[in-house]
Protein chains: 2
Amino acid sequence: MKPNFSLRLRIFNLNCWGIPYLSKHRGDRVKRLGDFLNMESFDLALLEEVWSEQDFQYLRQKLLPTYPASHYFRSGVIGSGLCVFSKHPIQEITQHVYTLNGYPYMIHHGDWFCGKAVGLLVLHLSGLVLNVYVTHLHAEYNRQKDIYLAHRVAQAWELAQFIHHTSKKADVVLLCGDLNLHPKDLGCRLLKEWTGLHDAYLETRDFKGSEEGCTMVPENCYVNQRELQPFPFGIRIDYVLYKAVSGFYISCKTLRTTTGRDPHSGTPLSDHEALMATLCVRHSPPQHTPSPTHGPAERSRLISVLKEAWAELDLGMAQARWWATFAGYVIGLGLLLLALLCALAAGGGVREVAIMLWAPSVGLLLGAGAVYLFHMQEAKGLSRARAELQHMLGRAREAHDLDPESQAALFLGQQEGDRSEEQ
Amino acid sequence: MKPNFSLRLRIFNLNCWGIPYLSKHRGDRVKRLGDFLNMESFDLALLEEVWSEQDFQYLRQKLLPTYPASHYFRSGVIGSGLCVFSKHPIQEITQHVYTLNGYPYMIHHGDWFCGKAVGLLVLHLSGLVLNVYVTHLHAEYNRQKDIYLAHRVAQAWELAQFIHHTSKKADVVLLCGDLNLHPKDLGCRLLKEWTGLHDAYLETRDFKGSEEGCTMVPENCYVNQRELQPFPFGIRIDYVLYKAVSGFYISCKTLRTTTGRDPHSGTPLSDHEALMATLCVRHSPPQHTPSPTHGPAERSRLISVLKEAWAELDLGMAQARWWATFAGYVIGLGLLLLALLCALAAGGGVREVAIMLWAPSVGLLLGAGAVYLFHMQEAKGLSRARAELQHMLGRAREAHDLDPESQAALFLGQQEGDRSEEQ
């Protein structure tokens, strides 16, 4: 690699809102997206919510001359909705499906059926190893009373862990996607603190696009205006995040977003806004001292966010266990009811009623059994993430030069978890 | 690190057969296992089938002075059954739960409820980064007609991919566990070829233990003798596998197995045999040329095993889709039946019969719906693994200097998959 080595990467990211039968003007939007991507010829186009594999195949055919490499990440019942198109050969591919992703009985929300995941591509560009991650986390349906908060925090942690463990030999790490997290939300802070990723919107000096970099804006005709009412400019939930390891330096030269409409025809490409970033990777200049990622201030921030996430998962676990216990009681009642019905059916009198009620009782029993199993699994998943967080919290505390006061506070905050966990 | 650096690692691995209420003499065996581990003071003890968290907590307390670090990997409804005890501090912990793991309606087999997984520990020993993996794959219940073969191959692939992507900066990689795979089984070959891991039993010059290194032997009083009938010496399904990256050299100095009985009291510790390995890590001697992992012969073997795995997953996918289609027809029939019953109930005559049959029909419908969703998810999971295999097959073929004849053979073998897949 030459000493004056420099690599320019043009990245496109969009949540495509491609739900078959439900999303408006899907066919037309996918077609226009293909035209736009072909015209712009990015290095990488990362898409979310491409729920129909036919849409992916259509795009694949259409984009083949400009983006010869592509991949569709399959998971869950419907799919992860994630896909990528690359101008450069993809060396390696893998994916991680999040352990927790909502509830199967929340059919109208549908996230559970999608198998939300993070996809990883490894690219070798000019001798540089580039790890590209694309993801989509669980949606937020009610910010005031968010029943999926613990799941989203657990997903953010799994995402951070997946990136941390799979990118150790990468020179550059890039994460794009719809995180369904506002910039100051716990999950977003956890992800950034644990991985050391930088936010293109906050880092670039040349931004053009929607106010405050929002990626769901009221100007977009597909957006539910009522949901955006508390946010006059919209919300920023889609991101381009990056980092380079020691020896390399990455910066975001320009960042553009669409502003509620297609740059050409006027009608938007999706209900989300597209992100278009130009990144520049260079050798670190000799005078360049990167900001320390393991200084006392950073470690203190990390400890604080790990503690916050731990507490949130703990709450989620209590909730999951409550539901499992409740389902356990329903199972007990259902069994009693069945025994009673059998006795009544044998005894005569209300025999017909007893026989009629038998099948619904079995149904109740099976339903409660399924709910019990699901919430037991949920509690295990949350407990797993909590244990990992706690372990890392322990390591961070060891590394941190704590004064006795904050040490006592940390100790008190953690006693709860020490009961059944970890060395 | 000194030039004459040398690290000795003593490793213990055992599938503990710790099923609450079902496994014989569980309490006594766990107690004796604790005594044995304390006495032997290994560097690492890796255990599978510790299904009860109470057993883990008991061992944790008992082993705390000798093994101050420990972790229990939680997943699924019951758990992964995996846990580790370490004499050295654990730097990092994470885990990956396998996407496919049997069928929820095969309750008597129970694997689906366990959430089989691979756990990862990162240790720093004398300046060396050691990645330790522990796993347990889906059991084999019928070798002649193995309905879980595709799932186990997919698990072996996910395991290989997880190791490949998370160990890129490790100096030494160690994998222990119950793979439920015989040494020449497809999954085992796939794992070894893709990760480059070496089998301690095949590598060591100092082996003492059961015939042919078997880890389930007829001498063990807990083993189902009928199941082992086709294998007079038993079967080898538990492994210690390892590799060191360039610059380091790892060898297995000694490997011991128990032989159907506890080394002290006579009664075995489990229905599996324990593996005890002494590994030695050194700097590669200057004259040492490691066997090439990317030579033409290796690449040819890799291509062959990738193709074989691809074909197996393809078969599994066809099976999964057949079941999903079948469930789809049942749903259709159930809906028809419900409509008919509603009409009969409204019309009088056989009204009571119609009302009585209504609830079972709804049950049938819901059951078929669940089966449909499950097998759709299964097909997606297999399809994901198949797509990754196909991508790597493509890369391996590019790298391989193929003669035109074998190129044609490969091309023919792959045409099937090229229909709907991958660049």
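Here is how names work: the chains are called A, B, and so on, in the same order as the sequence lines, proteins then strands, and each is numbered from 1.
- Contacts between B:Glu158 and chain A at a heavy-atom distance below 4.5 Å are absent for every atom of the residue.
- The salt bridge (charged side-chain N to carboxylate O under 4.0 Å, His left out) pairs that include a residue from residues 367-380 of chain A number zero, where partners must be two or more places apart or lie in different chains.
- Taking B:Met376, B:Glu92, B:Lys168, B:Gln161 one by one and counting their heavy-atom pairs under 4.5 Å with chain A, the maximum is reached by B:Glu92.
- The part of B:Phe113 that comes within reach of chain A is its side chain, from C-beta onward, which places non-hydrogen atoms under 4.5 angstrom from that chain.
- Between B:His96 and A:His96, the gap from one ring centroid to the other is short of 6.0 Å.
- For chain A, the nearby part of B:Leu120 is the side chain; its heavy atoms alone come within less than 4.5 Å.
- Distance check: B:His391 NE2 to A:Ile90 CD1 gives 5.5 Å after rounding to the nearest 0.5 Å.
- To the nearest 0.5 Å, the span separating CD on B:Glu53 from OG on A:Ser383 amounts to 6.0 Å.
- If you measure heavy-atom distances from B:His164 to chain A, the contacts under 4.5 Å come from the side chain alone.
- Pairing each heavy atom of A:His165 with each of B:Val122, the nearest pair is CE1-CG2, 4.1 Å.
- Counting heavy-atom neighbours within 6.0 Å of B:Tyr372 OH, excluding the residue itself, gives a total of 12 or less.
- If you measure heavy-atom distances from B:Ser75 to chain A, the contacts under 4.5 Å come from the backbone alone.
- Scanning both residues, A:Arg74 and B:Arg384, for their nearest heavy atoms gives O-CB, 3.5 Å.
- Summarising the geometry, atom CD1 belonging to A:Ile78 is positioned 9.0 Å from atom CG belonging to B:Leu373; distances are rounded to the nearest 0.5 Å.
- Residues that satisfy the side chain to side chain contact (heavy atoms under 4.5 Å, CB included) test with B:Gln54, not counting sequence neighbours, are B:Ser52.
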